[in-house]
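Some notes on the structure that comes next.
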Amino acid sequence: MNHEKLSKRLESVALHIPKGSILADIGSDHAYLPCYAVTNGHCDHAIAGEVVEGPYQSALKQVKSTGLSDVIEVRKGDGLEVLKPDEATCITIAGMGGTLISSILENGKGKLGKAERLILQPNVGEVNVRNWLFANGWELIDEDILEEDGKIYEILIAEKGDPLQPYHENKQVGLMFGPFLLKKFSDTFIKKWQHEKRHFERIIEQLDASGRSGLEAKRRELEVQVNLIEEVLKG
């Protein structure tokens with residue numbers, strides 16, 4: 001992977017960056033995404049934020065080597081603290097857990113004033129990100145799901161608006177599975193939740209085999225999850 005050929009995951013993220021954006025890519029690693037986005041006309045200017053020294057230095061070298069130092073600024077700092085208030089119009093956070101992404105957004109809420117779009121790609125814990133968006137006035141406008149190198153990823157795209165809008169039918173089910181992903185009902189979506197169902201069933205088997213008392217509540221919680229997945233997979 002490089003700035004000319006992104007991973008399938010990051011390429012899908014890039015496709016949702018509005019043209020003319022000022023992009024902030026948080027946790028930018030080698031800055032491949034902002035370099036690709038600028039080079040391919042997805043945005044005009046970009047900020048690559050990285051908290052770890054090694055990736056920060058890699059991002060600096062990448063931006064310099066591609067001749068984009070005049071339109072991409074690499075900054076070192078934790079989360080959204082690399083931004084000035086009202087600076088970025090589009091923010092991407094990819095390749096982290098959903099809990100961490102939610103924490104970055106929560107801690108940096110003061111930097112989101114000018115942001116028009118959030119493009120978030122949690123590796124796990126997507127429900128945590130949807131809950132944060134819902135609680136903070138961000139409306140999901142689309143979602144993608146894809147498989148790459150044996151792993152399944154979800155991409156959530158949100159703009160300021162009515163957070164309830166995509167959840168009319170069943171909010172709790174939508175938060176867990178993704179309201180747009182439920183409608184698209186792709187083969188990858190089905191594969192993901194078949195895997196999750198088997199995972200929960202294995203945990204139930206392990207709880208039963210342990211013979212320990214006091215696990216009834218945990219078992220019931222898992223059974224509810226399994227039954228919900230079964231209902232969803234019926235279509």
Side-chain angles (χ1 to χ4, degrees), residues 3 6 9-10 12-64 66-123 125-126 128-142 155-161 163:
H3 78 283
L6 293 181
R9 171 181 65 90
L10 287 182
S12 184
V13 170
L15 288 174
H16 293 283
I17 299 170
K19 291 191 183 301
S21 295
I22 299 172
L23 171 68
D25 183 39
I26 304 302
S28 196
D29 199 10
H30 288 72
Y32 290 148
L33 177 59
C35 288
Y36 177 91
V38 170
T39 301
N40 289 276
H42 293 287
C43 65
D44 295 336
H45 301 275
I47 299 148
E50 182 53 64
V51 69
V52 180
E53 179 65 21
Y56 167 72
Q57 292 296 333
S58 296
L60 284 172
K61 291 177 183 177
Q62 176 66 29
V63 171
K64 184 177 180 180
T66 51
L68 296 172
S69 299
D70 56 334
V71 288
I72 300 177
E73 186 176 351
V74 181
R75 299 176 186 170
K76 187 179 179 184
D78 190 7
L80 297 177
E81 74 175 23
V82 300
L83 298 178
K84 302 167 188 172
D86 299 330
E87 185 173 27
T89 62
C90 177
I91 294 172
T92 53
I93 311 177
M96 307 178 195
T99 301
L100 178 55
I101 289 175
S102 301
S103 176
I104 288 171
L105 292 169
E106 180 65 24
N107 293 336
K109 282 197 289 191
K111 305 294 180 69
L112 296 176
K114 198 176 178 181
E116 298 168 359
R117 179 171 291 190
L118 303 178
I119 308 170
L120 311 169
Q121 183 269 297
N123 288 345
E126 298 86 0
N128 296 321
V129 179
R130 291 191 189 95
N131 276 320
W132 187 91
L133 293 170
F134 187 89
N136 288 276
W138 288 86
E139 178 185 334
L140 267 179
I141 62 164
D142 200 2
I155 298 168
L156 316 181
I157 303 97
E159 295 183 349
K160 290 173 182 173

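With respect to the salt-bridge test (charged N to carboxylate O, under 4.0 angstrom), the residues Glu87 and Lys111 do not qualify.
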Practice prompt. Would you check, one step at a time, whether the test side-chain contact (heavy atoms from CB on, under 4.5 Å) holds for Ile91 with Leu80?
Written response: CA-CA 9 Å; Ile91 294 172; Leu80 297 177; 4.2 Å; yes
Discussion item. Please determine whether side-chain contact (heavy atoms from CB on, under 4.5 Å) holds for the pair Asp44 and Val71, giving the CA-CA distance in whole Å, both sets of side-chain angles, and the decisive distance to 0.1 Å.
Written reply: CA-CA 7 Å; Asp44 295 336; Val71 288; over 6 Å; no
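Atom CD1 of Ile72 and atom NZ of Lys64 lie 15.0 Å apart (nearest 0.5 Å). Atom NZ of residue Lys19 and atom CG of residue Asn40 lie 8.5 Å apart, to the nearest 0.5 angstrom. Ile119 CD1 to His16 NE2: the interatomic distance, rounded to the nearest 0.5 Å, is 7.0 Å. Taken to the nearest 0.5 Å, the CD1 atom of Ile47 stands 5.0 Å off from the CG atom of Leu83. Interatomic distance, CD of Glu126 versus CG of Leu120, reported as 11.5 Å (0.5 Å rounding). Here Tyr36 contributes atom OH and Ile17 contributes atom CD1; the two are 9.5 Å apart, rounded to the nearest 0.5 Å.
The shortest distance between side-chain heavy atoms of Pro34 and Ser28 falls below 4.5 Å. A heavy-atom distance below 4.5 Å is not found between the side chains of Asp78 and Asn107. A 4.5 Å side-chain heavy-atom check between Leu23 and His42 finds every atom pair outside the cut-off. Put simply, the side chain of Val51 does not reach to within 4.5 Å of the side chain of Glu81, judged on heavy atoms. Contact of the Glu116 side chain with the Pro18 side chain is not registered, since no non-hydrogen atoms from C-beta on lie closer than 4.5 Å. The shortest distance between side-chain heavy atoms of Leu105 and Ile93 falls below 4.5 Å.
Pairing each heavy atom of Lys160 with each of Leu112, the nearest pair is NZ-O, 3.3 Å. Heavy-atom minimum distance, Trp138 versus Pro163: O-CB, 3.5 Å. Residues Cys35 and Thr66 approach most closely at SG-OG1, 3.8 Å, considering heavy atoms. Considering every non-hydrogen atom in both Asp25 and Leu33, the closest pair reads OD1-CD2, 3.5 Å. Closest of all the heavy-atom pairs between Arg75 and Val82 is NH1-O, 2.8 Å. Closest approach of Asp29 to Ala59, counting heavy atoms only: O-CB, 3.4 Å.
Ser102 contributes a side-chain N or O that, together with a main-chain N or O of Asn128, makes up a donor-acceptor pair within less than 3.5 Å. Formation of a donor-acceptor pair under 3.5 Å by the Ser58 side chain with backbone atoms of Gly54 is found in this model. In this structure, Arg130 contributes its side chain and Leu156 its backbone to no donor-acceptor pair below 3.5 Å. Here the side chain of Thr89 pairs a donor or acceptor atom with the backbone of Ile22 at under 3.5 angstrom. Side-chain atoms of Glu159 do not come within 3.5 Å of backbone N or O of Arg117 as any donor-acceptor pair.
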